[in-house]
Amino acid sequence: MAESPYNTIFFGTPEFAIPIIHALIGIPTLNTVAVVTQPDKPVGRHHSFQSPPVKQLAEKLAIPVLQPEKISTPEFVMTIAGLHPAVVVVAAYGKIIPESLLAIPRHGWINIHASLLPKLRGASPIQHAILQGFSETGVTLMKMDATLDTGYIIAQEKVILAPRETFVTLHNKLARLGSKLLKAALVPYLNGKLTAYPQNDKIATYCSAIKKQDGLINWKSPAEQIDRHVRAMTPWPGAFTIGDGQTIKILGTEVLDETHREPSGTLHYFNGKLVASTLSGLLHITSLQVEGRKPMSEKEFLNGFKSKLPLRMTS
RNA sequence: CGCGGGGUAGAGCAGUAGCAGCUCGCCGGGCUCAUAAUCCGGAGGUCGUGGGUGCAAAUCCCACCCCCGCAA
């Protein structure tokens with residue numbers, strides 16, 4: 001049957017949504033009529049305004065962009081209804097969609113979530129997959145309902161975590177995988193060739209949004225856990241600590257199979273390496289950044305800061 | 001005018017008015033004691049840019065450029 005293209009609207013804001021948009025516009029049976037993203041906000045060092053990544057891309061592709069402050073207003077609901085979407089695709093928009101909007105498209109709202117639901121429902125699935133030491137995670141294409149990340153599952157794809165997986169590497173993998181999954185499963189679902197199935201709520205786990213303060217390193221935890229913390233929190237909010245009155249960002253670490261008597265939270269020089277003592281095990285610091293300075297390798301740091309060691313770091 | 005730190009040798013830093021220094025790297029040589037090698041010697045700097053004050057400015061004053069932390 002020769003169908004007219006599905007009118008589609010996309011909701012999303014950050015970097016993660018970029019490959020998704022590319023996938024979306026690459027599907028010939030879809031007609032992407034608008035992109036909805038968060039409003040521009042004063043950002044950067046001098047409070048200049050910057051557009052979210054999604055807006056910048058949409059403008060390049062000449063797709064109309066909507067940036068409502070509130071999406072639950074009658075005006076915005078009217079606007080969306082006026083575009084007659086058959087389906088709405090969401091990737092990391094970050095807000096719960098009210099039912100007045102959910103009811104509009106004939107085929108509902110489809111979300112791409114960066115975990116194997118029902119595991120890690122919520123706002124920071126990528127970080128928590130690393131923090132909690134998962135051996136695998138993935139992306140889920142799901143039907144949205146009135147509560148967060150609880151809808152029927154359309155398709156899933158797994159990925160094995162690399163041993164040194166960081167937020168950035170995993171984020172990129174999952175974004176790519178998500179766009180592939182969308183390309184492969186969305187149209188079959190719309191055509192009724194894929195049937196969505198419910199999540200098992202009994203095994204659901206949750207993760208809340210990462211806040212700035214979550215980046216603070218607790219030196220009274222095992223070296224392995226701090227290492228995962230660094231990999232999950234970099235680049236935002238960054239794994240940081242305070243030493244000598246300055247914020248120090250820990251950028252790269254490695255767990256050493258050695259111990260040392262220094263109290264946990266001490267930065268010192270040991271066997272030719274810059275190391276931090278933890279609750280159990282030594283953490284090799286391979287790169288770091290002192291407040292007001294550029295990121296430095298361990299070697300560069302030692303050249304100039306060796307005289308300050310050993311240094312107590314507070315958590 | 002959001003708050004703050006910084007720009008000094010290839011890299012990382014010290015130096016608040018009086019001959020520009022330290023660690024690493026680099027080049028040359030010694031030694032063979034390996035594994036952070038080590039010892040001796042050496043090269044390498046318009047101290048971000050422009051102006052001002054001073055007998056004298058990396059250092060004090062003014063303007064500008066660039067980098068970074070916070071905040072959002």
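The residue Gln289(A) sits close only to the backbone: its heavy atoms come under 4.0 Å of sugar-phosphate atoms, none of a base. Counting non-hydrogen atoms under 4.0 angstrom, Lys294(A) reaches the backbone sugars and phosphates but no base. Among the protein residues, Tyr269(A) comes within range of the nucleic acid bases, having at least one heavy atom under 4.0 Å from a base atom.
The nucleotide G69(B) finds its pairing partner in C3(B), both defining distances of the Watson-Crick or G-U wobble pair being shorter than 3.5 Å. Shown here, U59(B) forms no base pair; nothing in the strands shown gives a Watson-Crick or G-U wobble contact with both key distances under 3.5 Å. Taking a pair to require two hydrogen-bonding distances under 3.5 Å in either a Watson-Crick or a G-U wobble arrangement, A37(B) remains unpaired.
Taking atom CZ of residue Phe305(A) and atom C1' of nucleotide G6(B), one finds them 11 Å apart after rounding to whole Å. Nucleotide C70(B) holds its P atom 13 Å from the CG atom of Leu216(A), rounded to whole Å. A straight line from CE of Met296(A) to P of G7(B) spans 12 Å, rounded to a whole angstrom. One can place NZ of Lys299(A) at 11 Å from P of C24(B), the figure rounded to the nearest angstrom.
Panel note: side chain Ser287(A), backbone Gly252(A); a donor-acceptor pair is recorded below 3.5 Å. Side chain of Lys143(A) to main chain of Ile154(A): no donor-acceptor pair is present (N/O by atom type, distance under 3.5 Å, no hydrogens or angles). Counting only distance, with no hydrogens or angles, the side chain of Thr278(A) and the backbone of Pro222(A) share no donor-acceptor pair below 3.5 Å.
Annotation: A43(B) and C62(B) have their P atoms spaced 39 Å apart (nearest Å). For the C1' atoms, the distance from A17(B) to C55(B) is 12 Å, rounded to whole Å.
The structure places CG of Leu116(A) at 11.0 Å from CD of Gln199(A), a figure rounded to the nearest 0.5 Å.
A sub-4.0 Å separation between OP1 or OP2 of C70(B) and a side-chain N or O of Lys212(A) is present. Put simply, Arg293(A) has no side-chain N or O that comes within less than 4.0 Å of OP1 or OP2 on G12(B).
With a glycosidic angle no more than 90° from 0, G54(B) adopts the syn conformation.
Across the interface with RNA chain B, nearest-nucleotide mapping of Thr247(A) and His46(A) shows His46(A) to be the residue nearer the 5′ end. Between Leu302(A) and Trp236(A), the residue anchored closer to the 5' end of RNA chain B is Leu302(A), taking for each the nucleotide with the nearest heavy atom.
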